[in-house]
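The chains referred to below are lettered A, B, ... by the order of the sequence lines, with proteins before strands, and numbering in each begins at 1.
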Amino acid sequence: VLLGLKRHYKKRCQGRMRKHVGDLCLQAGMLQDSLVHYHMSVELLRSVNDFLWLGAALEGLCSASVIYHYPGGTGGKSRALRLQGSSLPAEAANRHRPGAQEVLIDPGALTTNGINPDTSAEIGRAKNCLSPEDIIDKYKEAISYYSKYKNAGVIELEACVKAVRVLAIQKRSMEASEFLQNAVYINLRQLSEEEKIQRYSILSELYQLIGFHRKSAFFKRVAAMQCVAPSIAEPGWRACYKLLLETLPGYSLSLDPKDFNKGTHRGWAAVQMRLLHELVYASRRMGNPALSVRHLSFLLQTMLDFLSDQEKKDVTQSLENYTSKCPGTMELLTLPDGLTLPPVPFTKLPIVKHVKLLSLPASLRPHKMKSLLGQNVSAKSPFIYSPIIAHNRGEEKNKKIDFQWVQGDVCEVQLMVYNPMPFELRVENMGLLTSGVEFEALPAALSLPAESGLYPVTLVGVPQTTGTITVNGYRTTVFGVFSDCLLDNLLGVKTSGSTVEVIPALPRLQISTSLPRSAHSLQPSSGDEISTNVSVQLYNGETQQLIITLENIGMEPLETLEVTSKILPTKEKLYGDFLNWKLEETLAQFPLQPGKVATLAISIKAKLDFSCQENLLQDLSDDGISVSGFPLSSPFRQVVRPRVENRPATAPEGSKVGDLSHLKTLEAVLNFKYSGGPGHVEGYYRNLSLGLHVEVEPSVFFTRVSTLPATSTRQCHLLLDVFNSTEHELTVSARRNEELILHAGECQRMAIQVDKFNFESIPESLGENGQFANPKQLEEERQEARGLEINSKLDIHWRIPSLKRSGEASVEGLLNQLVLEHLQLAPLQWDVLVDGQLCDCDAAAACPVGDPVRLEVRLTNRSPRCVGPFALTVVPFQDHQNGVRNYDLQDTVSFVGSSTFHLEAVQPSGQSACLGALLFLYTGDFFLHIRFQEGSRSKELPPSWFCLPSVHVRALGAQA
Amino acid sequence: MAQIAVIAKENYPLYIRSTPMENELKFHYMVHTSLDVVDEKISAMGKALVDQRELYLGLLYPTEDYKVYGYVTNSKVKFVMVVDSSNTALRDNEIRSMFRKLHNSYTDVMCNPFYNPGDRIQSRAFDNMVTSMMIQVC
């Protein structure tokens with residue numbers, strides 16, 4: 001037993017000695033010898049189960065083989081690491097990484113260039129050497145022996161590390177990771193904090209080496225946490241921060257927010273968020289608040305989609321706390337080791353979806369004068385149209401918007417924003433970022449409700465110079481962080497161009513009127529954008545003055561002004577000029593300096609149809625006689641009703657009138673084109689539109705119109721049934737007539753004696769207008785002209801004394817063809833002369849009894865055709881004034897010669913006359929009815945052409 | 001069973017479910033770091049035998065308390081399962097069939113025309129399947 005023990009002991013000593021010799025040989029560079037010694041040592045120690053030394057010998061064998069296989073070494077880094085234990089390991093690892101990788105790139109190349117195991121010269125040397133596979137096996141074995149000893153933790157770890165390095169060269173990452181996994185669980189007792197950090201750093205470095213970046217980052221983070229472990233008296237926040245920064249690539253996180261702008265989020269949000277939180281905390285503890293603000297803003301900006309509502313609240317809360325001490329800026333932060341942190345603009349707080357440059361309001365929008373534009377075009381190219389120019393223009397339009405802003409005027413940009421936060425978001429100092437033109441941005445503050453939908457925000461500013469302005473983005477202050485958000489960097493923003501031209505300053509005109517503003521807006525179809533609407537209520541036929549006050553509220557003098565009006569189409573027929581003004585007086589005050597006021601008077605005349613069609617038709621049918629085609633000289637005419645007829649508004653008629661009392665509406669737009677200042681020089685003007693809304697209440701109606709022949713054939717009576725549709729007492733007057741008083745709702749007949757009209761002269765004035773119009777239009781125009789003529793003669797006015805309002809009334813609309821025909825002077829003018837005296841009126845021609853009285857009938861033909869011949873019969877009668885007429889006058893009146901007159905055919909514009917004589921045998925009043933003989937009248941001529949005056953003759957006793 | 005994760009081709013989570021809800025971050029880290037091994041295994045398998053490739057990656061790495069198993073589809077979508085090491089009842093075969101079930105369910109999710117590939121999986125059917133799987137294992 002003793003002998004056995006002794007042998008055992010001897011073997012152990014020999015084995016240990018061999019191992020020691022091997023170490024020395026290796027140190028001396030005698031690779032071959034060391035291999036031999038290690039081999040022997042392993043043999044010896046294996047037999048005596050001296051595991052610790054066996055492990056060491058195996059490790060030595062591996063080392064020697066590694067040196068043989070990889071003369072370049074697994075990296076000078078292991079040596080270097082040992083040298084600088086005091087300094088921070090991570091830093092060292094970092095420093096050496098690039099060099100190490102160079103070596104590791106191609107182990108195959110190393111073997112071919114260096115000592116090739118297959119060459120015959122090396123065969124002896126290679127014999128004792130382990131193959132690359134064996135090296136790993138031996139390492140495994142050695143490590144398993146080491147693990148039997150609790151105190152051998154350090155060397156076990158070291159062996160693991162070495163094995164991993166060899167595996168890394170062999171590109172066997174999986175096996176390497178197994179070694180590392182084992183190394184993680186090696187229990188090292190009583191490690192100092194620094195050693196712990198070192199251990200984790202090396203683990204991280206090794207994982208990096210085998211390409212396990214995530215693992216590497218994980219252990220680096222653990223190392224970083226170790227730097228600030230609560231057990232450490234002086235936490236190394238700076239070191240922690242530095243290590244944390246190094247983990248960023250492992251979590252595929254970059255600190256540039258631009259990397260997150262495009263596409264989906266990259267990387268593992270949960271762990272990235274954790275890391276960012278740690279960075280924020282570490283930088284804060286480092287005493288660098290700017291850094292922590294930057295990291296926190298980055299966290300908020302990039303991880304917004306992954307934060308829960310509570311987290312959002314917490315993060316913003318702490319961000320606000322930080323920024324209260326150190327506001328977030330848009331500057332690049334540079335760390336001492338050269339890393340730069342780009343600024344983080346809050347493009348998601350709020351999220352902007354739409355950017356739209358707004359044109360100026362319609363009243364301030366500048367317009368280019370047409371003529372100048374034409375000149376420009378012609379100057380550019382000799383061609384009227386060229387596809388090349390069109391193409392260029394199209395390209396320009398892509399960016400440029402086709403409206404202009406004006407220097408010195410407030411311009412607007414509309415953003416559609418929404419707040420993704422679960423609480424109210426306060427955005428301060430929101431303003432525009434522009435380039436190209438000096439621009440004074442007027443910042444706005446807004447408060448967006450939680451999870452708001454799209455919310456319109458208008459940012460404003462004033463361009464100070466002219467040129468082309470580009471809106472690049474906007475600026476905000478949210479949670480104390482200043483952000484400049486450029487539109488180019490925003491994801492999913494719809495913009496319709498961001499470049500606009502700024503033209504020189506123009507004056508600004510403000511219009512106020514004497515009329516109240518109206519809530520009515522004109523029909524949208526009108527096309528113009530109306531800045532102001534005024535309304536007025538007028539009675540039909542009334543005229544009212546509209547005083548417009550023009551004030552120059554801009555900074556430039558107002559030099560030119562043009563006023564035009566446009567009446568919006570209505571169903572109503574409008575007579576006369578609706579709007580009328582004289583601009584000269586106003587223009588005399590120009591140029592209008594800023595702050596000065598000018599006035600312009602515009603008269604509004606509402607003259608609509610005064611007829612009521614339905615009633616008129618009805619009345620025509622029941623009162624046919626008055627307007628029927630009977631010769632007016634017929635004795636039956638006398639049987640007509642009395643002239644003035646009081647007709648109380650009966651119930652059915654009243655309701656009809658009610659229908660007619662509807663308000664009618666007239667609308668017009670007054671356009672004020674004005675310009676001045678530098679903008680005028682450039683050929684721009686502004687257009688201000690004033691909407692005019694006129695409600696026309698009916699005043700009087702002519703419910704019926706008819707004619708009565710007057711005693712003279714040159715005159716006739718126009719009978720108008722006037723209906724007062726107002727609620728006030730109203731007086732109506734016509735030329736040469738007394739006033740007629742009408743109570744509310746009352747209808748009275750009014751007779752106006754008028755001279756018949758000779759219309760033939762009027763239509764000629766329309767000649768050139770009507771040339772191309774169709775006959776129907778021509779006829780209408782002619783009728784209108786006649787109406788105008790008649791109306792001007794009639795000159796009917798109404799007045800409401802209680803309201804002190806007055807106006808005109810027009811019959812233009814209600815004169816129909818028949819009435820017109822009666823009012824017209826017949827083209828055949830018949831004159832009857834008794835004793836050489838023209839006998840036309842009521843006055844009786846006096847003639848002595850017993851003497852023959854000369855009777856002459858003259859015909860003047862004004863028609864364009866030849867008429868005649870005619871045969872006329874003179875029928876005398878006596879009117880007893882009681883409806884009885886006595887035609888039996890053979891004994892009383894006798895004809896000298898024939899009682900039948902013959903007229904020759906009369907050429908156009910010719911004249912003809914026939915003579916006869918009568919003898920009155922008794923005194924008395926006689927009437928002579930001149931009749932056409934049957935068949936002598938041509939049927940095709942209208943009966944009204946044959947109106948002969950009836951002749952009243954008073955035969956008196958001979959005086960002398 | 002501790003956790004089931006579906007990870008997109010670009011290595012971000014599409015779906016994560018862990019049973020003890022507390023200390024979830026730990027599982028996140030575990031799955032995240034396991035991706036290293038997955039990547040390594042995928043690259044080690046090479047491009048040659050894409051068709052015959054075994055989708056099941058086997059045990060990714062053991063830790064003290066958990067075992068991490070991996071599975072990768074042909075479109076490089078990864079399934080990672082973290083199981084309690086103490087659960088010895090779970091053999092390789094069981095894990096393999098569970099992954100297959102998971103894969104089938106994932107295919108159903110992808111068949112949904114309203115699902116955008118790359119979005120988080122919010123399918124209730126998938127969720128129920130995962131729940132049943134977790135109950136079965138525990």
**OP:** Only one of D36(B), V38(B), V37(B) passes side chain to side chain contact (heavy atoms under 4.5 Å, CB included) with R214(A); say which it is.
**Re:** D36(B)
Original post:
Is the distance between the ring centroids of H32(B) and F218(A) less than 6.0 Å?
Top reply: no
**OP:** Can you measure from CH2 (W268(A)) to NE2 (H28(B)) and round to the nearest 0.5 angstrom?
**Re:** 7.0 Å
Subject >> Set of residues satisfying side chain to side chain donor-acceptor pair (under 3.5 Å) with respect to S292(A), sequence neighbours excluded >> reply: none
Subject >> Residues, nucleotides or ligands: over 12 heavy atoms within 6.0 Å of R274(A) CZ >> reply: no
**OP:** Mark yes when over 12 heavy atoms from residues, nucleotides or ligands other than Q122(B) sit less than 6.0 Å from its CD; otherwise mark no.
**Re:** no
Original post:
In Å and rounded to the nearest 0.5 Å, what is the CG to CZ distance from L35(B) to F212(A)?
Top reply: 11.0 Å
Subject >> L60(B) side, atom CG; Q181(A) side, atom CD - distance, nearest 0.5 Å >> reply: 11.0 Å
